[in-house]
> 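For reference, the structure I am asking about is given below.
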Amino acid sequence: MDEQKHFDQCRQVIRQNIAYYQDRADQMKRETESLYAAVTSGNVELYNQLMVSLDIKEHQERQLKKNQAAYKKPYFGRIDYLETETGQAEQLYIGKNGISRNRTDVLIVDWRAPVSTLYYENDLGPGCYLVPGSDSISVDLKLKRTFDIEDGVLAGYYDNDTAATDQLLVKYLSQNKEAVLGDIISTIQKEQDQIIRQSPFKNIIVQGVAGSGKTTVAMHRISYILYNYEKRFSPDQFCIIGNTDMLLNYIAGGLPELDVYHVGQKRMDAFFRELLGREWKKSYRIQSLPDRESFKSTLDFITALDRYLASIRRELLGGREVKDQALGVILSADSIGRTLLENRNASIASLYTLLNQRLKTRIHFLMTDDSPERRKAKAKEYGKYFHLDPLHKNLVKLYQDFVENYGKSRGIPVENVLAHVKKGVFDVCDLSALALIQKRMTEKEFHDEYGQIIIDEAQDFGPSVYYALRQVLTQCYFTIMGDVSQNIYYRTGLNEWNSLTETIFEPEKTSFYVLAKSYRNTIEISQVAGKVLDAASFGRYKIQPVIRHGAPVSFYQAPPREMARKAAELIAQIRSRGYDTIAVICRNQEETIQVREMLGLDAPGSEESGDSTDQDTFIKGTMVLPVYLTKGLEFDCVILWNPDRSAYSPGEGEPNLLYVAITRALHELHILCCGELTELLAGSRNLVEIR
């Protein structure tokens, strides 16, 4: 087939679709405006019609947007194959957006469609793809073609047996950040695609080095599940969880590009506050988890709490019967025991409600021959036989009692914990403990509002948090993405995966993956990052960079009074090279504020300033950020501010911080220092160009 001719034909169809959907969208806009005016004027009978009209309008606008997005780059791949069973020949073009001529004639296959697996994962020859809810379909793959299309121009194509040639992949990765995100679907690699297309009915845990595409995979997995399992999962059943609002907003900003809307996102502390519901008082406050209280993040702490709650359960429910002087045994100990076994995940409050209902039923059965009045009176007498006393309803008091006992039994000072809890001040580990206590003691109904939980930068949270989530959200499936080498909360975060893969999540329902290849950094930046990891003796997870060379990492030494001038000069040079996302990464918040002022980037609305005053939003421009806020983000270029011996020592957790800072850069890394360079970078001196 003449590829240029086919390309032109596709664009012609898309032009026609754009005109059609534009007309329909305009028509529906006029209709909804008219209905809205009528409803607001008092004609409430038209409300349901307005809701239907709004839904149709949103659908038409999405179709319009999809075709507009496809016009410049309709597709990126083509597969030709024979179905083994039927011998039928197929030729399919695959794009970021599925495009149809009409309701039945598919012009371009959506990348999320099951058959697209052949493009991403199969070599030429025998292969198969799996249709959700059905058997796999065997094929003989005859051709896999990758297209190089830019701005509506077919520049060329490559026939190969991998998803994209290294040449094309490197070309995409060499562009600025915005362009890279636009092309990411066409460059998904086999190991990433396998994670994206895993069944949504299992837990996925991914260890991925910096730049391996963890966040990208998580976003695409959401899109894939919603596309292929729309009858099972709706967008409001998804929740993305992270540690900072900046990370969450960064992720959420990319979801509409993947045809994903109305997915929730929350910080971990806010998510637990939501689970606690009415138990969370307005007077309560949140604090960060202090290092001195790191014991609360451990598996030992949270499992000890669970055993403590189990002992209360046995005390309140075990080895008893309900006996009435006139009726005899109403509920036997065996009957109560069976009820407990059949409802193992129910809270004590729920069990008490269930047992009280059983008492009422048994009383009516035992008093069949009595008058309705006597039956009613006896049932009322036992109506609240099982009830929680105020002590066992008080989650905070139960937590305080446990913490005190835990500290005594292990010789751990817990006075600070008890003091801030008494004041109504809680950190994320306190919240996870309270959520577990609520689950065991007072929960009235299961949390079933979520079906899929996606956690990014998972290393930020310790095992106790995951244990509580797993126990509280028994019906949820988890996608957990992280890198233990980037755990900057060394004492309170996650430093290994075994506790999750072997203890907290059921091994038979959980898959663990390692993404070792970094697609973000150039070879030059990766080599410096690798040296930091070597200096820190992080053993198992090494970086395997894509072969993409760039500018040498540069090192500038300047007196303190010249630092700001040099940084401003570097920023101007970087912008002149066409890069528009630049981060000046500082060691902490205090230094960040000082550098913003020095660079004149602190004024709200400053044209040059890319940082927002509340630090919640990732936007183009120059951002000055503390290293902890940059986790999960990436920038065209990074200026690492003053990484001297006092800023980054070889001590516990410090190399993780430096590793995170270095690996944020896509294309250029500049090190600007006024003191003696940290010894963590000593092994990189031969890799750095001194200017």
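All values below come from the heavy atoms of this structure, side chains included, with hydrogens, waters and symmetry mates left out.
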> Please check this pair: side chain of Lys214 against backbone of Gly208, looking for a donor-acceptor N/O pair closer than 3.5 Å.
yes
> Lys397: what forms a side-chain contact (heavy atoms from CB on, under 4.5 Å) with it, not counting sequence neighbours?
Leu391, Asn394, Gln400, Asp401
> Identify, with sequence neighbours excluded, every residue that meets ring pair (Phe, Tyr, Trp, His ring centres under 6.0 Å) alongside Tyr224.
none
> Under a 4.0 Å N-O cut-off, is there an ion pair linking Glu634 with Arg664?
no
> Classify the ring geometry of Phe271 against Tyr450: parallel below 30°, tilted from 30° to 60°, perpendicular beyond 60°.
tilted
> Please set out all donor-acceptor pairs under 3.5 angstrom arising from side-chain atoms of residues 338-345, sequence neighbours excluded.
{"residue": "Thr339", "atom": "OG1", "partner": "Ser335", "partner atom": "O", "Å": "3.1"}
{"residue": "Thr339", "atom": "OG1", "partner": "Arg358", "partner atom": "NH1", "Å": "2.6"}
{"residue": "Asn343", "atom": "ND2", "partner": "Thr339", "partner atom": "O", "Å": "2.8"}

> Using the ring pair (Phe, Tyr, Trp, His ring centres under 6.0 Å) criterion, which residues pair with Tyr229? Sequence neighbours excluded.
Phe201
> Sequence neighbours excluded, which residues qualify as salt bridge (charged side-chain N to carboxylate O under 4.0 Å, His left out) partners of Asp291?
none
> Assign the ring pair Phe301 / Tyr399 to parallel, tilted or perpendicular, where the plane angle (0 to 90°) is split at 30° and 60°.
perpendicular
> Side chain of Tyr466, backbone of Ala458: donor and acceptor closer than 3.5 Å?
yes
> Does anything in residues 473-482 pair up under side chain to side chain donor-acceptor pair (under 3.5 Å), and if so which pairs, sequence neighbours excluded?
Arg221-Thr479
> One thing to verify: whether Glu257 and Lys96 come together as a salt bridge, which I'm taking to mean a side-chain N less than 4.0 angstrom from a carboxylate O.
yes
> Within the distance-only criterion (no hydrogens, no angle test), does the side chain of His220 pair as donor or acceptor with the backbone N or O of Thr216 below 3.5 angstrom?
yes
> For Ser53, give me all partners under side-chain contact (heavy atoms from CB on, under 4.5 Å), at least two apart in sequence or on another chain.
Met28, Glu31, Thr32, Leu35
> May I ask you to say whether Lys631 pairs ionically with Asp460, meaning some side-chain N is under 4.0 Å from a carboxylate O?
yes
> Would a distance-only check, ignoring hydrogens and angles, find a side-chain to backbone donor-acceptor pair under 3.5 Å from Glu506 to Glu508?
no
> Once side-chain contact (heavy atoms from CB on, under 4.5 Å) is applied, do any residues pair with Glu443, and if so which ones, sequence neighbours excluded?
Ser347, Lys439, Phe446, His447
> For Arg112, run the side chain to side chain contact (heavy atoms under 4.5 Å, CB included) check against Ile225, Leu258, Asn228 and tell me which one passes.
Asn228
> For Lys66, look at atom NZ and say whether over 12 heavy atoms of other residues, nucleotides or ligands are found less than 6.0 Å away.
yes
> List the atom of Ile195, the atom of Val217, and the distance in Å for their closest heavy-atom pair.
CG2-CG1, 3.7 Å
> Kindly give the heavy-atom pair with the smallest separation between Ala210 and Asp483, and that separation in Å.
N-OD2, 3.5 Å
> Is the side chain of Glu58 donor-acceptor paired with the backbone N or O of Asp55 at a distance under 3.5 Å, no angle test?
no
> Tell me, yes or no, whether the heavy-atom count around Tyr47 atom OH, taken from other residues, nucleotides or ligands under 6.0 Å, exceeds 12.
no
> Can you list the residues that meet the side-chain hydrogen bond (donor to acceptor under 3.5 Å, both in side chains) rule with Asn48, with sequence neighbours excluded?
none
> For Lys408, check salt bridge (charged side-chain N to carboxylate O under 4.0 Å, His left out) against everything at least two apart and list the hits.
Glu404
> Quick one: salt bridge (charged side-chain N to carboxylate O under 4.0 Å, His left out) partners of Arg285, sequence neighbours excluded?
none
> With the side chain counted from C-beta on, respond yes when Arg587 and Leu657 share a heavy-atom pair under 4.5 Å apart, and no when they do not.
yes
> Should the heavy atoms of other residues, nucleotides or ligands under 6.0 Å from OH of Tyr36 be counted, would the total exceed 12?
no
> In chain order, what residues pass the side-chain contact (heavy atoms from CB on, under 4.5 Å) check against Lys281, with sequence neighbours excluded?
Glu279, Ser283, Tyr284
> Has Arg267 got its NZ or CZ under 6.0 Å from the middle of the six-membered ring of Phe272, at an angle within 45 degrees of the ring axis?
no
> Can you tell me which residue among Gln198, Glu191, Gln192, Gln194 is in a side-chain hydrogen bond (donor to acceptor under 3.5 Å, both in side chains) with Tyr513?
Gln198
> Determine yes or no for a side-chain-to-main-chain donor-acceptor pair under 3.5 angstrom, with Ser432 supplying the side chain and Cys429 the backbone.
yes
> Evaluate the side-chain contact (heavy atoms from CB on, under 4.5 Å) criterion for residues Phe295 and Tyr406: first the C-alpha distance (whole Å), next the side-chain angles of each, then the deciding distance (0.1 Å), finally the verdict.
CA-CA 10 Å; Phe295 65 88; Tyr406 184 84; 3.8 Å; yes
